Structures are given as structure tokens and as C-alpha cells.
2 protein chains.
Amino acid sequence: MGNWTIEEIKNFLIKNGIRPSFYRLKIYQYLLNERTHPSADEIFLYLKKEIPTISRATIYNTLNLFLNKRLVQLINLERDEARYDATLSWHAHFKCLNCNKVFDFHIESLKLKGVEGFQILEKQLNLAGYCAQCQKK
Amino acid sequence: MGNWTIEEIKNFLIKNGIRPSFYRLKIYQYLLNERTHPSADEIFLYLKKEIPTISRATIYNTLNLFLNKRLVQLINLERDEARYDATLSWHAHFKCLNCNKVFDFHIESLKLKGVEGFQILEKQLNLAGYCAQCQKK
DNA sequence: CAAATAATTATAATTATTATAAAATTAAAA
DNA sequence: TTTTAATTTTATAATAATTATAATTATTTG
Ligand SMILES: [Mn+2]
Ligand SMILES: [Mn+2]
Ligand SMILES: [Zn+2]
Ligand SMILES: [Zn+2]
């Protein structure tokens, strides 16, 4: 249920200095429309259904390109695989240890001590536990 | 310059249901005394100097044992390797992208929205950027 | 169109971590 | 103490995410 048309995504990529190849459009569209914070492999398996010839290397190449151009952010929720988020705003991620879904939380405020002199370029707040649904069991 | 004696560490492990083998003592002592948030490999290479017969598997086994018994916390700062911290309190970690050192920050306050109904069991706040030293270049 | 450039693929390489089974050590029983 | 059982450690292989490489395909440019 994306609100972006393919044409809009195309222009957006061009505006960010990325040539809008078919695969890049597809991958960015998936990140925009399915807001599930997918891993590289989830994207690969999803696109494979439509485009059986697609290669994992393309997914990794494209995600790294998007990261460098700051179109997506990397989420370090799990040790075994990276997740990606097309929402760039500063928000927290919660992973349910039962259903494995990833939820977004809005951060109202955060106060740190001792950061004077440090140049903070990246921030990530990662949480884990059990979501409301999974607790009813 | 640890303030814990080997005897104290021994008793601490026993109190936590861990048999205080030589290697376990050494590994926990390293985590306590060198507060550098080491990776498994850093611990391995350090102990190897003293005990050349030590195996990487022992390091991983022991760290996982410590994690299960909640003696250390895992820090997910980097995608390529896990770091470990014998300080269990809730605090943030900052990694300098230049010198690669990891710094602790005290968290004065944090307010999240929309967490009602969620059971939060784990929290991690990870930062990256340039430390004060490295900025003077 | 032809040449140059860029994107994609298939495949191999890398590397942190886990699994497995044998050997060594320690604890418990006799 | 000797024997036996349980635990720990080691060496090695397996796993799996990611990156590197080189060949192929597609696109752009003159
Ligand atoms: Mn998100
Ligand atoms: Mn710390
Ligand atoms: Zn859940
Ligand atoms: Zn630094």
C-alpha cells in the first residue's frame, strides 16, 4: 500500500544521484511499501518471486549504495543479520523475541551526560522483549 | 588495575552457579580489569600471550555462559563482531570511527512513546562519531 | 552503430560464530 | 587411592552473512 508511484521513486533516486535501474526501483519500493525493516535476504526472497533471475549480490550492492547515499538506515538489532529502514528519522526499534516483528517507537526525549566534545554522527536505540500480542499467551 | 582479587572473582562465579575454572577466572578478570569492551578475539589474543594453548572455542563458550548467567552484557555496536561488557548497568556506548575506542555515556533520562503493553527486557543505545581527541586532527 | 561506462550475475573468498567429537581435567563414588 | 562419571577444553569442521572478483549484460554517449 505505498503512496509513492514508481515515477516519484524514480525522480527521488535521480535527485539523490542514483541511476534508477529496474532493480534499484524495486528494492527501494519494497523498503517504502513494506515497512517491516527487512533484512537483505527478506528483500531477496520477496523480489525473487517476481523476478526469479535476481541475484543476492544486487540486493547487497543496492543496499550499500542506498546506505552511502543516506537513503536508508541500517538497524543493528540482531547479531546475525542487518536490517534496513527507509525511514530516516531518529526513532527506536523494538524486536519481539516471540514473533520476531520489529516495531517503531517514538523517542520523546533523551539526555546523555559526558558527551561534551564528542561529535555524534550516528545513534541507535534498540530494544527487545515481548509485544502486546505475544504476551497474551 | 582491577580491584577484585582472584579469590573474590572465584566466589562471585560460584555464587552465580558457575564453576570457577582457570580459564573462566581469566576471562572474567580480563573483562573486569580492562574495561575496553573487548570482542571475543581481543580476549583470545590477550590471553594467548600468557596461555598459548588456549582455544577460541573456550572464549566463545565462556562468554556465552556469562551471557546466559547474566554476568556480562553483549554490545551490538558493530555488525561484524560482538563486544562484551562486565558492567551491567544501563548506559550508552559510543564508538569513535577514527580510533575505534568505545566510551561509556551515562543516560540521564529517556522517554519513549507507545510502549504501553510491551514488555521490554533488553535495551541498547549505541552511538558513533568522533571522540574529542580525534577531532583535534 | 561502436566504444565506453555502469549494473547485474555467478561464483569464490572472507570471517565471526556455532556445532561436534575427542581429549583432558576435575569431581564423585567406591 | 583407584575407578568412574561429569565437566571443561581443544581441535576441527560446519554455518551463514557479507564482500570481492571477474565475466556478462544493459545503458549511455559520441
Ligand atoms: Mn523503523
Ligand atoms: Mn560499557
Ligand atoms: Zn510478538
Ligand atoms: Zn577517537
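Per chain, numbering begins at 1; letters A, B, ... match sequence-line order. Quick caveat, the model's predicted, so the values are computed rather than measured.
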Whole-Å gap separating C1' (C:dA16) and CZ (B:Arg83): 14 Å
For the residue pair A:Phe105 and A:Phe94, does the interplanar ring angle fall in the parallel (under 30°), tilted (30 to 60°) or perpendicular (over 60°) class? tilted
With heavy atoms of chain B within less than 4.0 Å as the criterion, where does contact along DNA chain D begin and end? D:dT7 to D:dT18
Residue pairs involving residues 45-54 of chain A (criterion side chain to side chain donor-acceptor pair (under 3.5 Å); sequence neighbours excluded): A:Lys26-A:Glu50
Using a 4.0 Å heavy-atom cut-off, does A:Thr53 contact any base of the nucleic acid, only the sugar-phosphate backbone, or nothing at all? sugar-phosphate
With DNA chain D as reference, determine whether B:Ile51 or A:Asp41 sits nearer its 5' end, using the nearest nucleotide of each. B:Ile51
Please go through A:Leu121's hydrophobic cluster and name the other residues, only I, L, V, M, F, W, Y counting, with side-chain heavy atoms under 4.5 Å joining them. B:Leu97, B:Tyr130
Partners meeting side chain to side chain donor-acceptor pair (under 3.5 Å) with B:Asp104 (sequence neighbours left out): B:His37, B:His91, B:His93
If you round to the nearest 0.5 Å, how far is CG of A:Leu74 from CZ of A:Arg83? 11.5 Å
Mind running a 4.0 Å heavy-atom check of residues 55-73 of chain A against DNA chain D and sending the residues that fall below it, in number order? A:Tyr60, A:Asn64
Going hydrophobic residue to hydrophobic residue with side-chain gaps under 4.5 angstrom, can you get from A:Tyr84 over to A:Leu77? no
What distance do B:Ser39 atom OG and B:Leu63 atom CG have between them, rounded to the nearest 0.5 Å? 9.5 Å
Check: B:Gln124 side chain, A:Leu125 main-chain N or O, donor-acceptor pair, under 3.5 Å: no
Taken to the nearest 0.5 Å, the spacing of A:Leu110 CG from A:Lys123 NZ works out to 6.5 Å
Ordered by number, residues from residues 11-26 of chain A within less than 4.0 Å of DNA chain C (heavy atoms) are A:Arg19, A:Ser21, A:Tyr23, A:Arg24
Euclidean distance, A:Ile59 CD1 relative to A:Leu47 CG, rounded to 0.5 Å: 5.0 Å
